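Below you'll find the structure, written out as structure tokens, and then a few comments.
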There are 2 protein chains.
Amino acid sequence: MERKSIDHKISRKPSGAAVIRTDLTDALFRALFEEWAQTGYAAISLERVAARAGAGKAAIYRRWPSKREFASAAIERSAPGLGGFGDHGSLEADILAYLTMTRRVLRHPLVRRILPDLHAERMRSGDLAPLLDHVATTRRTAGQAMLDRAIARHELRPDIDREFAFDLIPSPLYWRMIVRCRPIGRADLERQAAVIANALRSC
Amino acid sequence: MERKSIDHKISRKPSGAAVIRTDLTDALFRALFEEWAQTGYAAISLERVAARAGAGKAAIYRRWPSKREFASAAIERSAPGLGGFGDHGSLEADILAYLTMTRRVLRHPLVRRILPDLHAERMRSGDLAPLLDHVATTRRTAGQAMLDRAIARHELRPDIDREFAFDLIPSPLYWRMIVRCRPIGRADLERQAAVIANALRSC
DNA sequence: CTTCAATGGAACGCTATCGTTCCGTCCATA
DNA sequence: TATGGACGGAACGATAGCGTTCCATTGAAG
């Protein structure tokens, strides 16, 4: 593995087997997430990630200089955008849809292990903070739209404290599923949506 | 270090320097928490813990057979009981006191790093689940008393869903401080208490 | 067909860490 | 004073993992 090729006169463009394999990059990303879910970020061994992907470590180091860059690229590549988040007709229905989607995400076997690990890791070291910020931004955009609609419907006051709302809406679900490690059924999800919507309307 | 002395005829009771030093045990517990806060459970190195405590690994292995037992003993020894949780006169005031105390705990530099790490670790392996159950039980007892008082005051219906309340009360604070990694001032804490109390009263 | 470019699996040299072993040392007891 | 019991720091042998190096192999281009 000769990584630094500088000031070399290129007479032929690399091609064929001399080009990074994207299928191997994909396999490395998948392996990283699986290893991450199993061990937590701090204990990720790149040797094990490579083995899990059926590769050697050189394949990793050719692509990323460090575990952190590797993890950053993986998160950015896969950040679950909430995508289209339609109007459900009322604040409560919007919140229910938001919580339903969030529940689905938090049920994913990799996400439910990697996300809290990211939170814990961020407490120790700010290295991964940009990753969480990246994830949070997409969720915030969806949340802003939801609040905008509720204001337009006159369900919420225009000057509602949006930070407060962004704390109140997802937190009981996160607490239930991650902190308490408990499942939540449809009825409880609906009750959360109703109580939260009611609470926000009376702010 | 000869740990296994079995079927040996004891002719004299150990004493003096032949007895486990409790000051060293204390130092080991402190060192463990510091290392835990720094690296997360998965990456704790007992060698580093011992060094941090100014000791050798034999001192650890004489006391505990594994990292897990060591960690268990440490948590059980130090689980922050919420202690006396007095009656503040109303549900809202009780909740505010509860949140104030919780905020103080979550501000502690070791707790704010170890607690989310425990949650993340539990998602990966059930090994540490009993520790979290232990911590949760003491908090639950305080919470039950708070709900009992509110019912006695006729602020809450006797059949309120206690699980729902236990999710709703601490979660926005936890979300704010741990998941969002944001501080929270007195005014926002009071608002949380007011909104949560109101929400529970209207359940 | 030959050549090129560089990929990527395997191996390397080094360090950190593990659980265990060793034995000098300690301090109360006889 | 001598003795007993075992503690606990240092060292041990083995392994895991790191970042780097090596070079056989690959596949497109000429």
Side-chain angles (χ1 to χ4, degrees), chain A residues 1-32 34-36 38-71 127, chain B residues 1-32 34-36 38-71 127:
Chain A
M1 179 173 100
E2 300 71 31
R3 200 157 39 166
K4 311 291 179 174
S5 50
I6 44 178
D7 287 338
H8 188 67
K9 183 163 173 174
I10 297 175
S11 57
R12 192 208 270 206
K13 187 184 177 197
S15 60
V19 171
I20 293 268
R21 289 169 44 192
T22 57
D23 65 313
L24 186 53
T25 304
D26 292 342
L28 289 170
F29 281 142
R30 276 194 304 271
L32 177 72
E34 286 167 12
E35 195 66 22
W36 193 335
Q38 195 161 328
T39 66
Y41 179 82
I44 289 175
S45 146
L46 294 185
E47 191 131 10
R48 288 198 306 270
V49 171
R52 193 184 278 261
K57 277 188 290 181
I60 295 177
Y61 285 106
R62 280 194 185 280
R63 291 163 169 79
W64 307 284
S66 66
K67 179 163 83 169
R68 199 189 85 106
E69 306 302 324
F70 186 10
D127 276 3
Chain B
M1 180 176 98
E2 300 70 33
R3 196 157 42 166
K4 311 290 179 175
S5 50
I6 44 178
D7 286 339
H8 188 65
K9 184 161 175 174
I10 298 177
S11 56
R12 191 209 270 199
K13 188 185 174 191
S15 60
V19 170
I20 294 271
R21 289 170 44 192
T22 56
D23 66 313
L24 186 53
T25 304
D26 291 343
L28 288 170
F29 280 142
R30 277 196 302 273
L32 176 71
E34 286 166 13
E35 195 67 19
W36 191 336
Q38 195 161 327
T39 66
Y41 180 82
I44 289 176
S45 147
L46 293 184
E47 190 129 12
R48 289 198 306 269
V49 171
R52 196 184 275 257
K57 276 186 292 183
I60 294 177
Y61 284 106
R62 279 192 186 280
R63 292 165 170 74
W64 306 284
S66 67
K67 180 164 84 170
R68 199 188 83 104
E69 307 301 325
F70 186 9
D127 276 2

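First the proteins, then the strands, lettered A, B, ... as listed; each starts at 1. Side-chain atoms are counted along with the backbone in the values below, which use heavy atoms only and exclude waters and symmetry mates. Only a predicted model underlies this, so the values are computations on that prediction, with no experimental measurement involved.
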Among Leu24(B), Leu32(B), Leu28(B), which one satisfies side chain to side chain contact (heavy atoms under 4.5 Å, CB included) with Ile60(B)?
-> Leu28(B)
Atom-to-atom span, [atom1] of [X] to [atom2] of [N] - whole angstrom:
X	N	atom1	atom2	value
Ile60(A)	dT7(C)	CD1	P	15 Å
Arg62(B)	dA10(D)	CZ	C1'	14 Å
Arg21(B)	dG5(D)	CZ	C1'	16 Å
Trp64(B)	dC7(D)	CH2	P	13 Å
Leu24(B)	dC7(D)	CG	C1'	9 Å
Arg63(B)	dA6(D)	CZ	C1'	12 Å

Please identify each residue that fulfils side-chain hydrogen bond (donor to acceptor under 3.5 Å, both in side chains) with Arg48(A), with sequence neighbours left out.
-> Glu35(A)
I'd like a list of close polar pairs between nucleotides 14-17 of chain C and the protein, N/O only, cut-off under 3.5 Å.
residue, atom, partner, partner atom, Å
dT17(C), OP1, Arg48(B), NH1, 2.2

If you check every side-chain atom of Ile20(B), which of dG8(D), dG8(C), dC27(C) has the closest atom?
-> dG8(D)
Choosing from dC26(C), dA28(D), dG8(D), which nucleotide comes nearest the side chain of Ser15(A)?
-> dA28(D)
Are any side-chain N or O atoms of Lys67(A) and backbone N or O atoms of Tyr41(A), one a donor and one an acceptor, separated by less than 3.5 Å?
-> yes
For Arg63(B) and Ala59(B) the tightest heavy-atom approach is NH1-O, 2.8 Å
Which heavy atom of Ala53(B) sits nearest a heavy atom of Ala27(B), and at what distance?
-> CB-O, 3.8 Å
How do Gly16(A) and Val19(B) order along DNA chain D: which one's closest nucleotide is nearer the 5' end?
-> Val19(B)
Between Ala17(A) and Ala53(B), whichever has its closest DNA chain D nucleotide further toward 5' is Ala53(B)
Parallel, tilted or perpendicular, as decided by the 30° and 60° cut-offs, for the rings of Trp64(B) and Phe70(B) | parallel
